[in-house]
Amino acid sequence: MGSFSSLSAFANVPASPVNERVELTKLHDADPYKQKVNLTTEEYKDRNGDLWVLPVIRQTELELIMDTSLTHSKSTIGTNKNFIKAAQDMLFGMQSPGLMSKVASIQTVSGTGACHIGAKLLCDTLKPHTIWMSDLTYTDHAWDLIGGVEKRTYPYCLPDRSGVDFDRMIDVLNTRARKNDVICLNACAHDSSGLDLTLEQWVELAGVCQKNGIFPFFDSAYQGFASGDPDADAWAIRCFVELGLEVCVAQSFSKSFGLSGERVGCFHVVLSSTAHRQAVFDRLYHYQRGITSTPPTYGANIVSMILTSESLYSAWRADLKSMTDRIQKLRLGLYNELIRRRVPGSWEYLPSQASL
């Protein structure tokens with residue numbers, strides 16, 4: 001018998017980029033200090049550091065258990081239609097049916113799955129020269145996994161991180177971005193700075209995108225979780241749509257519903273007309289089939305039930321308010337404590353109290 005080669009086919013696999021949050025979490029988990037706090041997590045925790053399950057989620061789960069019409073069969077090609085409609089209404093508001101007829105939406109495996117499918121769609125169709133991301137952001141691996149597209153950054157934060165460096169941001173987009181380039185934008189609660197554009201700046205940015213043919217890709221991971229008001233947190237997206245821009249939106253329900261483990265997400269493409277809606281949806285479904293076939297239904301059923309029930313929706317809004325009020329209080333307390341202690345290395349990066 002012949003001998004097998006000892007050289008593995010994977011011997012030359014390159015090292016993957018370091019994920020800073022993952023590495024920090026490893027350090028946190030290995031630290032024996034009992035009063036340690038992991039500030040990298042995006043899940044809402046109670047004062048004991050445990051994941052807080054929203055009361056409305058518990059209530060909804062009990063109602064779902066009693067609903068004998070629900071089964072564990074996989075979703076169909078159109079995915080969970082009740083969920084899709086509820087997700088669209090939450091994101092775009094109760095706008096005219098004319099808008100919904102121009103929106104192609106598909107359920108995804110959380111916002112990460114939505115970003116991946118969106119990256120694939122835009123790279124295959126627009127064939128952008130460059131993907132523009134803010135210079136301080138959480139690494140979006142979806143674009144790294146799509147080859148052949150240059151990834152560049154635009155200025156976002158001022159050097160002292162006290163605000164958005166909007167003038168430099170607009171200058172770079174006006175002078176360096178090309179037609180059909182894609183710009184990635186956080187709809188609210190900018191990750192990782194927490195600094196958002198003003199309403200006036202959003203309008204100006206929409207005009208720059210329209211003038212230069214830059215395609216907006218919104219990451220909406222914190223709707224409702226940022227301010228406590230889902231409508232306020234969707235303002236930027238609705239502004240771009242009302243101004244007539246085509247946009248893509250990756251929507252996640254992990255933070256605002258406390259459902260990180262259920263991987264509930266949705267991807268939306270807002271088109272300028274109804275003519276290409278079906279073709280875009282068919283393309284999205286084609287990508288979905290090759291990734292997960294069909295998305296999970298349990299978390300989507302919870303979300304759609306809450307968003308379509310007047311009583312459950314009111315309870316969810318109350319839970320949101322409870323979370324965001326406490327987050328604001330904790331941030332202010334941390335700010336004041338850092339000021340009191342003058343923690344070395346943090347003083348020069350403290351934002352103004354008004355931006356907390």
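Not measured: the values here are computed from a predicted model.
- Using bins of under 30°, 30° to 60° and over 60° for the plane-to-plane angle, the ring pair His190/Tyr156 lands in the parallel bin.
- What you find for Cys188 and Asp233 is that their closest heavy atoms are SG-CB, 3.6 Å.
- Tyr287 has its side chain within reach of Asp124: a pair of non-hydrogen atoms, C-beta onward, lies under 4.5 Å apart.
- A distance of 10.5 Å separates CG of Asp319 from CG of Leu312, quoted to the nearest 0.5 Å.
- Counting only residues at least two apart or on different chains, the ring pair (Phe, Tyr, Trp, His ring centres under 6.0 Å) pairs with a member in residues 289-317 are Phe257-Trp316, Tyr313-Trp316.
- For residues 23-32, the set of pairs meeting the salt bridge (Lys or Arg N to Asp or Glu O under 4.0 Å) definition, not counting sequence neighbours, comprises Glu23-Lys26.
- A salt bridge does not link Arg176 to Asp181: none of the charged nitrogens lies less than 4.0 Å from a carboxylate oxygen.
- A search for side chain to side chain donor-acceptor pair (under 3.5 Å) contacts involving Ser309 returns Ser311, not counting sequence neighbours.
- Taken from CZ in Arg263 to OG1 in Thr292, the straight-line distance is 12.0 Å, to the nearest 0.5 Å.
- Aromatic rings of Phe253 and Phe83 (six-membered ring for Trp) have centroids within the 6.0 Å cut-off, being under it.
- Residues Asp89 and Lys85 are paired through a salt bridge, judged by an N-O separation under 4.0 Å between the basic side chain and the carboxylate.
- Looking only at atom types and distance, the side chain of Gln88 has no donor-acceptor partner in the side chain of His268 under 3.5 Å away.
- If you check the side chains of Ser272 and Glu246, you find a donor sitting under 3.5 Å from an acceptor.
- Considering only residues two or more places apart in sequence or on other chains, Arg58 meets the salt bridge (Lys or Arg N to Asp or Glu O under 4.0 Å) condition with Glu61.
- Side chain to side chain, Ser254 and Ser110 meet the donor-acceptor criterion of an N or O pair below 3.5 Å.
- Qualifying ring pair (Phe, Tyr, Trp, His ring centres under 6.0 Å) partners for Trp132, counting only residues two or more places apart in sequence or in other chains: none.
- The hydrophobic cluster containing Val13 also includes Phe10, under a criterion of side-chain heavy atoms closer than 4.5 Å among ILVMFWY residues, counted directly or through chains of members.
- The pair Lys321-Asp229 fails the salt-bridge criterion, with no side-chain N (NZ, NE, NH1 or NH2) lying under 4.0 Å from an Asp/Glu carboxylate O.
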Candidate pair Thr297 and Gln107, rule side chain to side chain contact (heavy atoms under 4.5 Å, CB included), full reasoning: CA-CA 10 Å; Thr297 58; Gln107 185 187 339; 5.7 Å; no
